[in-house]
Amino acid sequence: MPRRAAAGARPIDSDAIHGSKLVQQLINKVMVDGKKSTAEKIVYDALDIVARKTNEEAVVALETSIKTLTPVLEVRSRRVGGATYQVPVEVPPPRARTLAVRWLVEFSRRRREKSMSERLANELLDAQSQQGLAYKRKDDIYRMAQANKAFAHYRW
């Protein structure tokens, strides 16, 4: 049992240009070593690239990509009588959105394009067309949850 109460989630302010909390969350995730202005430039450039390529508003394209990457089910380890089972559970909406943003940035960093804004933009476009490594991660986790459906009665 923890001695203190659970840490509360800090509220995220909307970003300056688009007025979106999702864009601000993406900026915070892209940020490295506290360099927020650099992260803002990367994200805004990526959103401009996506808006030009899809001919729709940047925030709408971002929300579409994040919605595509948002997981429905995940597996949690549960120990029952000496054996550890992978139990499928539904993902709560705040965690699902956080996971989607995390995977988007993580797999954008692994890409081979020249700049980070190009990598992020192309990962967003791949997510919209249900391709790319971030979408593959979501699909793998969903398949793992489906494969372990027999242990769903261990859910707590």
Side-chain angles (χ1 to χ4, degrees), residues 2 4-78 86-148 155:
R4 305 174 73 183
R10 291 186 184 161
I12 296 177
D13 296 332
S14 301
D15 78 300
I17 293 179
H18 299 288
S20 169
K21 292 184 184 220
L22 181 59
V23 174
Q24 188 63 48
Q25 187 177 2
L26 184 61
I27 289 169
N28 289 344
K29 200 66 189 169
V30 169
M31 180 171 57
V32 178
D33 292 335
K35 306 216 174 216
K36 192 163 215 160
S37 58
T38 306
E40 285 175 345
K41 185 175 180 344
I42 289 169
V43 171
Y44 291 141
D45 287 348
L47 289 177
D48 287 343
I49 292 169
V50 169
R52 264 188 274 122
K53 288 186 177 179
T54 60
N55 293 326
E56 61 181 11
E57 214 171 303
V59 179
V60 174
L62 174 66
E63 286 173 354
T64 306
S65 298
I66 294 293
K67 198 174 289 184
T68 306
L69 295 176
T70 302
V72 180
L73 292 172
E74 68 178 344
V75 290
R76 291 266 174 109
S77 295
R78 176 93 163 109
Q86 296 289 317
V87 180
V89 293
E90 291 181 9
V91 186
R95 175 167 165 77
R97 188 166 155 173
T98 302
L99 283 173
V101 172
R102 183 184 304 162
W103 294 337
L104 180 69
V105 173
E106 176 187 336
F107 292 112
S108 296
R109 288 195 173 121
R110 292 187 192 175
R111 289 179 74 102
R112 299 279 176 145
E113 283 88 3
K114 207 168 182 81
S115 69
M116 182 60 190
S117 54
E118 289 176 24
R119 295 175 192 171
L120 186 59
N122 287 332
E123 193 65 36
L124 283 167
L125 292 170
D126 282 352
Q128 282 186 349
S129 59
Q130 297 184 352
Q131 296 174 343
L133 293 174
Y135 184 79
K136 186 177 182 311
R137 166 68 62 90
K138 174 206 169 188
D139 200 40
D140 289 346
I141 286 178
Y142 183 77
R143 272 204 228 111
M144 200 183 316
Q146 290 297 323
N148 290 312
R155 199 176 307 158

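Residue indices begin at 1 and follow the sequence shown. For clarity, every value in this text was computed on a predicted model and none was experimentally measured. FYI, side chains are in, hydrogens and waters are out, and symmetry mates aren't considered; it's all heavy atoms of this structure.
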Locate the shortest heavy-atom distance separating Glu113 from Arg119; write the atom from each residue and the value. O-NE, 3.2 Å
CG/Leu99 to CD/Glu106 distance, rounded to the nearest 0.5 angstrom? 10.5 Å
Side chain proximity check, Leu26 to Leu104, heavy atoms < 4.5 angstrom: yes
Donor-acceptor contact present, side-chain Arg78 to main-chain Val87, <3.5 Å: no
I need the minimum non-hydrogen distance between Ser14 and Lys21, along with the two atoms involved. OG-CG, 3.7 Å
Walk me through it: do Glu118 and Arg111 pass the test side-chain contact (heavy atoms from CB on, under 4.5 Å)? CA-CA 9 Å; Glu118 289 176 24; Arg111 289 179 74 102; over 6 Å; no
When every non-hydrogen atom of Ile49 is compared with those of Ala121, the smallest separation belongs to CG2-CB, 3.6 Å
Any non-hydrogen side-chain atom of Met31 less than 4.5 Å from a side-chain atom of Thr38? no
Ion pair check, Lys67 and Glu63, cut-off under 4.0 Å: no
Here the pair of heavy atoms bringing Val91 nearest to Pro71 is CB-O, 4.0 Å
Does the side-chain hydrogen bond (donor to acceptor under 3.5 Å, both in side chains) test come out yes or no for Gln131 and Tyr135, once each step is laid out? CA-CA 6 Å; Gln131 296 174 343; Tyr135 184 79; over 6 Å; no
How far apart are the C-alpha atoms of Met144 and Asp140, what are their side-chain angles, what is the distance that settles it, and do they pass the side-chain contact (heavy atoms from CB on, under 4.5 Å) test? CA-CA 6 Å; Met144 200 183 316; Asp140 289 346; 5.7 Å; no
Heavy atoms of Val105 and Met116 approach each other most closely as O-CE, 4.3 Å
Check: Arg137 and Leu69 side chains under 4.5 Å, non-hydrogen atoms: no
Passes salt bridge (Lys or Arg N to Asp or Glu O under 4.0 Å), Lys53 versus Asp48? Steps please. CA-CA 9 Å; Lys53 288 186 177 179; Asp48 287 343; over 6 Å; no
A side-chain contact here means heavy atoms from C-beta on lying under 4.5 Å apart; do Glu40 and Lys35 qualify? no
Approximate separation, where rounding is to 0.5 Å, of Arg109 CZ and Leu133 CG: 14.5 Å
Taking NZ, NE, NH1 and NH2 as the nitrogens, is one of them in Asp139 or Arg143 under 4.0 Å from a carboxylate oxygen of the other? yes
Heavy-atom neighbours of Glu57 CD exceed 12 at 6.0 Å: no
Mark yes when over 12 heavy atoms from residues, nucleotides or ligands other than Tyr44 sit less than 6.0 Å from its OH; otherwise mark no. yes
d(Leu62 CG, Gln128 CD) to nearest 0.5 Å is 9.0 Å
Would a distance-only check, ignoring hydrogens and angles, find a side-chain to backbone donor-acceptor pair under 3.5 Å from Lys138 to Thr68? yes
Taking Glu123 for the side chain and Ala134 for the main chain, is one N or O donor matched with an acceptor at less than 3.5 Å? yes
Side chain to side chain, Leu120 and Val43, heavy atoms closer than 4.5 Å: yes
Can Lys136 and Phe107 be said to form a side-chain contact (heavy atoms from CB on, under 4.5 Å), step by step? CA-CA 10 Å; Lys136 186 177 182 311; Phe107 292 112; over 6 Å; no
Just verifying a value: how many Å separate Glu74 CD and Glu90 CD, rounded to the nearest 0.5 Å? 11.0 Å
Hey, mind stepping through Leu125 and Val50 against side-chain contact (heavy atoms from CB on, under 4.5 Å) and telling me if it holds? CA-CA 7 Å; Leu125 292 170; Val50 169; 4.2 Å; yes
Hey, what do you get for CZ (Arg10) to CG (Asn28), rounding to the nearest 0.5 Å? 11.0 Å
Between Asp15 (side chain only) and Ser20 (backbone N and O only), is there a donor and an acceptor less than 3.5 Å apart? yes
Using only atom types and a distance under 3.5 Å, with no angle test, would you say the side chain of Ser117 pairs donor to acceptor with the backbone of Ile42? no
Give, for atom NZ of Lys29 and atom OG of Ser108, the distance between the pair rounded to the nearest 0.5 Å. 12.5 Å
Nearest heavy atoms of Leu22 and Ile66, plus distance in Å: CD2-CG1, 3.9 Å
Short side-chain to backbone donor-acceptor contact, Arg102 and Arg97, under 3.5 Å: no
Any side-chain heavy atom of Ser77 sitting closer than 4.5 Å to one from Gln86? yes
